[in-house]
Protein chains: 2
Amino acid sequence: MYHVNYHQILEMEKFFRINLINSIVGFKSLNLLGTISENGESNLCPVSSAFHLGANPPLIGIVMRPERAHNDTLKNIKSTGFYTLNNVLPDWYKAAHQASASYPSGVSEFAACGFKEQYLDEFRAPFVSESTVKIGLEVEELMDVKLNGTTIVIGRVSQIITEDTLLEDDGTINHTKAKTMTVAGLDAYFLPQFLERLPYAKP
Amino acid sequence: MYHVNYHQILEMEKFFRINLINSIVGFKSLNLLGTISENGESNLCPVSSAFHLGANPPLIGIVMRPERAHNDTLKNIKSTGFYTLNNVLPDWYKAAHQASASYPSGVSEFAACGFKEQYLDEFRAPFVSESTVKIGLEVEELMDVKLNGTTIVIGRVSQIITEDTLLEDDGTINHTKAKTMTVAGLDAYFLPQFLERLPYAKP
């Protein structure tokens, strides 16, 4: 039996705590987040905090860490208002993980990690061409979390690009066919095996 | 190729849109959320919106739908300040799904769906005894999302209960050993297969 409380968590060695708390909620959505700066420099990083906020209007939230000099993503989202989320596939998840490295300013993770930028007219953020499920978002609200300096970015789903064959008749994305991956903690990569869909529950 | 924009999404048939938008971000964390009312009635429901907000202090966010007469969970969280998140296992995920049904007031989903309540002294919310990873949280902040009437509940990790054997040396929870499941959309259940852990990425 392993049992720790809040005060014991605060006293943990830093990286032990980071690994524990990052992995505690279970599997997380895994996407590559694409943006572009005002002067046209593209940026890409993996993000595992995307969460469903509502379907009507279609809203998705993501958590961004405190703004720093190197954090181009939040800066780009604030200046353009546009960003993309793109699923991660088994053939190239190592390249997606590599996009988390701190590249110097002026280096695009698209080029550095071998991804192709894909654009739509009048949508000012790059999609990942290699992904099978691509979401284009426009910022609706930025919520500052004073507790730890993070920002919850709420965006409305402005574009969805996928294949007809990946969509079930009822609108559900078939993530098995899409080959979507998931992550636990910071760096443990998984490919989910489908068990079943369950009917709407009634008492 | 399937490509829709914001306005086409708004015009979709309601349940098609719900299924599409709920499944678009990929796999989601899957937990049973346990609470208790002021007068001692326990409550349990599946939640797939839990997201990592920070490790120091240890913070987790969840999204709660607009408050309604039947929504005991948010009411309980507000009145007691305590709640739990408990992972879902292959042996009983159907019972976990069943806890999403709208049971009449006075019926506990613990009893109705066959789960055993587990309590810690001075922690006013029930854990799910059958889970292998149990998180106790205390409310830190409630953020109202005016865009759609939802509430983002931010809690600090006050208790972690698991098994020593499920913890890696570096603090990461081993969700393969824990048999943690994941969900896509509203009702598609998956068991992830581990591929590998990748080292910290450097340019």
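Throughout, protein chains are lettered first and strands after them, A, B, ... in sequence-line order, and every chain is numbered starting at 1.
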*Asp144(B) versus chain A, heavy atoms under 4.5 Å apart: side chain, backbone, both or neither?*
backbone

*Relative to chain B, which of Thr176(A), Ile154(A), Ile9(A) shows the most heavy atom pairs under 4.5 Å?*
Ile9(A)

_Tell me which of these, Gly54(B), Ala50(B), Pro58(B), has more heavy-atom pairs under 4.5 Å with chain A than the rest._
Pro58(B)

*asked:* Centroid separation under 6.0 Å, is that true for the rings of Phe194(B) and Phe190(A)?
replied: yes

*Given a strict heavy-atom distance threshold of 4.5 Å, which part of Ile135(B) is in contact with chain A: side chain, backbone, both, or neither?*
side chain

*Would you mind checking which part of Asn31(B) comes under 4.5 Å of any heavy atom in chain A, side chain (CB onward), backbone (N, CA, C, O), both or neither?*
side chain

*Who among Met143(B), Glu138(B), Glu13(B) has the most heavy-atom pairs with chain A under 4.5 Å?*
Met143(B)

*Over all heavy atoms of both residues, which pair between Glu163(A) and Met1(B) is shortest? Give the atoms and the distance, please.*
OE1-N, 3.6 Å

*asked:* Determine whether a donor-acceptor pair (N or O, by modelled atom type, separation under 3.5 Å) exists between the side chain of His52(B) and the backbone of Lys28(A).
replied: no

_Closest non-hydrogen atom pair between Arg17(B) and Ala55(A), with its separation_ = CD-O, 3.3 Å

_Ignoring hydrogens, what is the shortest heavy-atom contact between Ile173(A) and Ser23(B)? Give both atom names and the distance._
N-OG, 2.9 Å

_Which atoms of Phe15(B) approach chain A - backbone, side chain, both or neither, heavy atom under 4.5 Å_ = backbone

_If I compare all heavy atoms of Phe27(B) with all of Thr180(A), which pair ends up nearest, and what's the gap?_
CE1-O, 3.2 Å

*Taking the six-membered ring of Tyr6(A), is NZ or CZ of Arg156(B) closer than 6.0 Å to its centre and within 45° of its axis?*
yes

*asked:* Is it the case that the side chain of Asn5(A) and the backbone of Ser158(B) share a donor-acceptor pair, with hydrogens and angles ignored and the cut-off at 3.5 Å?
replied: no

*In terms of heavy-atom pairs under 4.5 Å with chain A, which of Asn22(B), Leu85(B), Val63(B), Ile18(B) leads?*
Asn22(B)

*If you count heavy-atom pairs under 4.5 Å with chain A, which of Leu195(B), Ile160(B), Asn148(B) comes out on top?*
Ile160(B)

*Checking Val4(B) against chain A: side chain, backbone, both or neither under 4.5 Å from a heavy atom?*
both

*Heavy-atom proximity to chain A below 4.5 Å, by part of Ala112(B)*: neither

*Would you give the length of the straight line joining atom OH of Tyr189(B) to atom CZ of Arg197(A), rounded to the nearest 0.5 angstrom?*
11.0 Å

*Non-hydrogen atoms of Pro57(B) and Leu10(A) that approach each other most closely*: CA-CD2, 4.3 Å

*Contact check, side chains of Thr172(A) and Leu20(B), non-hydrogen atoms, under 4.5 Å*: no

_Non-hydrogen atoms of Ala201(A) and Ser100(B) that approach each other most closely_ = CB-OG, 3.5 Å

*Taking Asp187(A) for the side chain and Tyr200(B) for the main chain, is one N or O donor matched with an acceptor at less than 3.5 Å?*
no

*Interchain contact, Leu186(B) with chain A, by part (heavy-atom threshold 4.5 Å)*: neither

_If I measure from the heavy atoms of chain A, does Leu167(B) come under 4.5 Å with its side chain, its backbone, both, or neither?_
side chain

*Sort Asp169(A) into side chain, backbone, both or neither according to what part of it lies under 4.5 angstrom from a heavy atom of chain B.*
backbone

*Engaged part of Thr150(B) at the chain A interface, taking heavy atoms whose separation is under 4.5 Å*: side chain

*Would you mind checking which part of Ile60(B) comes under 4.5 Å of any heavy atom in chain A, side chain (CB onward), backbone (N, CA, C, O), both or neither?*
side chain

*Between chain A and each of Lys202(B), Glu196(B), Gln8(B), count heavy-atom pairs under 4.5 Å; write down the option with the most.*
Glu196(B)

_Toward chain A, the part of Ile24(B) with a non-hydrogen atom under 4.5 Å_ = both

*Leu166(A) portion near chain B, given a 4.5 angstrom heavy-atom threshold*: neither

*asked:* Is Met181(B) close to chain A through its backbone or its side chain, or both, or neither, when contacts mean heavy atoms under 4.5 Å?
replied: both

_Is any side-chain heavy atom of His3(B) closer than 4.5 Å to one of Thr162(A)?_
no

_Which atoms of Lys134(B) are under 4.5 Å from chain A, going by heavy atoms: the side chain, the backbone, both sets, or neither?_
neither

_To the nearest 0.5 Å, what is the distance between CG on Leu147(B) and CG on Leu53(A)?_
7.5 Å

_I'd like to know if Lys146(B) pairs up with Glu141(A) as an ion pair, taking the criterion as any Lys NZ or Arg NE/NH1/NH2 lying under 4.0 Å from an Asp or Glu carboxylate oxygen._
no

_Point-to-point distance, once rounded to the nearest 0.5 Å, from CG of Leu191(A) to CD of Gln193(B)_ = 8.0 Å

*What residue, out of Asp170(B), Val88(B), Asn56(B), Val145(B), has the most heavy-atom pairs lying under 4.5 Å from chain A?*
Asp170(B)

*Pick from Asn174(A), Leu30(A), Thr182(A): which one has the most heavy-atom pairs with chain B under 4.5 Å?*
Thr182(A)

*With the side chain counted from C-beta on, respond yes when Thr165(B) and Tyr2(A) share a heavy-atom pair under 4.5 Å apart, and no when they do not.*
no

*Interchain contact, Val25(B) with chain A, by part (heavy-atom threshold 4.5 Å)*: both

